[in-house]
Protein chains: 2
Amino acid sequence: MFLQIEPQSDVPIYTQLTQQIIEGIASGQLKSGESLPSVRALAADLGVNMHTVNKSYHELEKKGMIRIIPKSGAVVTGPNDLGVTNAQIQQVERMLRPVVAEGLVVGLGAQDLQQLVQKLIKNLS
Amino acid sequence: MFLQIEPQSDVPIYTQLTQQIIEGIASGQLKSGESLPSVRALAADLGVNMHTVNKSYHELEKKGMIRIIPKSGAVVTGPNDLGVTNAQIQQVERMLRPVVAEGLVVGLGAQDLQQLVQKLIKNLS
DNA sequence: GATTTGTTATAATATATATATAACAGAATG
DNA sequence: CATTCTGTTATATATATATTATAACAAATC
């Protein structure tokens with residue numbers, strides 16, 4: 001895969017995996033219906049422990065982005081056709097709040113923040 | 001102060017403090033030049049340890065949002081008059097990236113994300 | 001001069017992170 | 001159908017992080 005972990009980072013490995021897989025889905029590198037590598041295979045590929053990958057997969061499942069089929073594998077479950085749930089919006093908002101606050105305090109304006117969002121959307125699409 | 005910590009949260013207490021103080025600065029509840037409570041006073045107020053507050057203050061100082069005057073106290077140092085540094089922009093971008101990615105994957109569009117940012121800016125100003 | 005301040009140090013405890021093995025039972029595959 | 005692969009579960013260990021508890025120090029404040 002396209003995953004690249006930084007063992008030295010202060011971000012836990014399983015979080016790095018979760019975020020990068022989400023970015024992979026957002027950017028279309030991982031398409032809906034596509035299978036993820038087995039936890040053992042990906043762990044061996046990255047040189048990390050099986051349980052670390054497993055933890056990431058379960059985090060992704062909790063977020064509703066993949067489906068884990070017991071004793072079988074994990075499959076990407078793209079954007080829900082039924083639309084975005086309130087819980088998902090609130091989750092994004094909860095993550096976004098401290099980012100916007102920090103941006104404002106360091107002196108970024110509304111336009112600057114909007115511009116950053118646009119740039120990231122472009123990078124992730 | 002206006003701080004409210006959740007001891008049960010998965011977010012570390014010192015991070016909760018850091019984020020809420022940043023929000024306080026962003027919203028003008030804490031103004032530039034204003035003094036923060038002493039680490040001991042705030043710790044007693046919140047029912048947490050002095051070192052937990054101290055850790056938060058140093059995190060804020062590292063971000064350039066307060067200035068710690070040794071053996072004296074901590075003072076809010078509003079938005080830098082010299083403008084936003086590249087490091088600060090990159091920091092915000094690094095925080096923003098996984099949020100935008102998650103938003104996109106759950107089905108939010110560019111407009112939805114922009115709208116969320118606008119809403120948060122409004123709430124924090 | 002007494003109090004308050006951030007600083008530093010040490011220690012203890014709890015939780016989180018990551019790894020290492022191992023075994024199990026269902027799924028997939030030949 | 002037997003082998004292999006899968007996620008699951010369990011146990012154990014090591015390290016890092018988070019939090020609290022005390023204590024002492026020296027500079028700033030009152």
Side-chain angles (χ1 to χ4, degrees), chain A residues 1 3-22 30 33-77 94-95 98, chain B residues 1 3-22 30 33-77 94-95 98:
Chain A
M1 292 230 297
L3 302 171
Q4 184 71 24
I5 66 162
E6 298 180 21
Q8 306 276 35
S9 170
D10 60 327
V11 180
I13 296 176
Y14 75 90
T15 303
Q16 294 184 44
L17 288 179
T18 300
Q19 290 178 350
Q20 290 188 30
I21 291 173
I22 291 176
L30 284 173
E34 192 170 339
S35 285
L36 291 178
S38 74
V39 292
R40 283 181 179 84
L42 183 53
D45 184 15
L46 297 174
V48 301
N49 192 271
M50 174 190 55
H51 297 103
T52 305
V53 177
N54 195 249
K55 191 170 182 177
S56 170
Y57 278 16
H58 276 89
E59 206 176 22
L60 287 164
E61 190 185 39
K62 198 173 167 188
K63 290 175 180 292
M65 296 174 180
I66 71 175
R67 195 165 66 92
I68 299 176
I69 305 167
K71 321 296 171 96
S72 174
V75 180
V76 178
T77 62
R94 206 173 320 129
M95 293 171 72
Chain B
M1 292 230 298
L3 303 171
Q4 183 70 25
I5 67 162
E6 299 180 20
Q8 306 274 36
S9 171
D10 59 325
V11 180
I13 296 176
Y14 75 91
T15 303
Q16 293 183 42
L17 289 180
T18 300
Q19 290 178 349
Q20 289 187 32
I21 291 173
I22 291 175
L30 285 172
E34 191 170 340
S35 285
L36 291 178
S38 75
V39 292
R40 283 182 179 82
L42 183 52
D45 184 14
L46 298 174
V48 302
N49 191 273
M50 174 190 57
H51 296 103
T52 304
V53 176
N54 195 250
K55 191 171 183 178
S56 170
Y57 278 16
H58 276 88
E59 205 175 23
L60 287 164
E61 191 186 38
K62 198 172 168 189
K63 289 176 181 291
M65 297 173 180
I66 71 174
R67 195 164 67 92
I68 299 177
I69 305 165
K71 320 295 170 96
S72 174
V75 180
V76 177
T77 63
R94 206 174 320 131
M95 294 172 71

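Here is the naming used below: chain letters follow the sequence lines, and residue numbers restart at 1 for every chain. Predicted, not measured: the structure shown is a model, and the values here were computed from it.
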Could you tell me whether the side chain of A/Thr18 and the main chain of A/Leu60 form a donor-acceptor pair under 3.5 Å? no

B/Asn54 side-chain N/O to C/dG6 phosphate OP1/OP2 under 4.0 Å: no

Look at the side chain of B/His51 against the base of C/dT8 and say whether a donor-acceptor pair falls under 3.5 Å; ignore hydrogens and angles. yes

For the helix from C/dG1-D/dC30 to C/dG30-D/dC1, measure the angle between the helix axis at one end and the axis at the other, each built from five pairs, rounding to 10°. 40°

Minimum heavy-atom distance between A/Tyr14 and A/Thr52, given as atom pair plus value: CB-O, 3.6 Å

Quick one: label B/Tyr14 by what it contacts on the DNA or RNA (base, sugar-phosphate, nothing), any heavy atom closer than 4.0 Å. sugar-phosphate

Distances under 3.5 Å between nitrogen or oxygen atoms of protein and nucleotides 25-29 of chain D:
from	atom 1	to	atom 2	distance (Å)
D/dA28	O4'	B/Lys71	O	3.3

Answer yes or no: is there a donor N or O on one side and an acceptor on the other, between the side chain of A/Gln16 and the main chain of A/Val11, under 3.5 Å? yes

Side-chain N,O (B/Thr52) to OP1/OP2 (D/dA18) below 4.0 Å: no

If we ignore hydrogens and angles and just use 3.5 Å, is the side chain of B/Thr77 paired with the main-chain N or O of B/Met65 as donor and acceptor? yes

For A/Gln8 and C/dA18, give me the distance from atom CD to atom P, rounded to whole Å. 13 Å

To the nearest 0.5 Å, what is the distance between OG on A/Ser56 and CD on A/Glu61? 11.5 Å

Closest approach of A/Pro37 to A/Leu42 (non-hydrogen atoms, all atoms of both residues): CB-CB, 4.1 Å

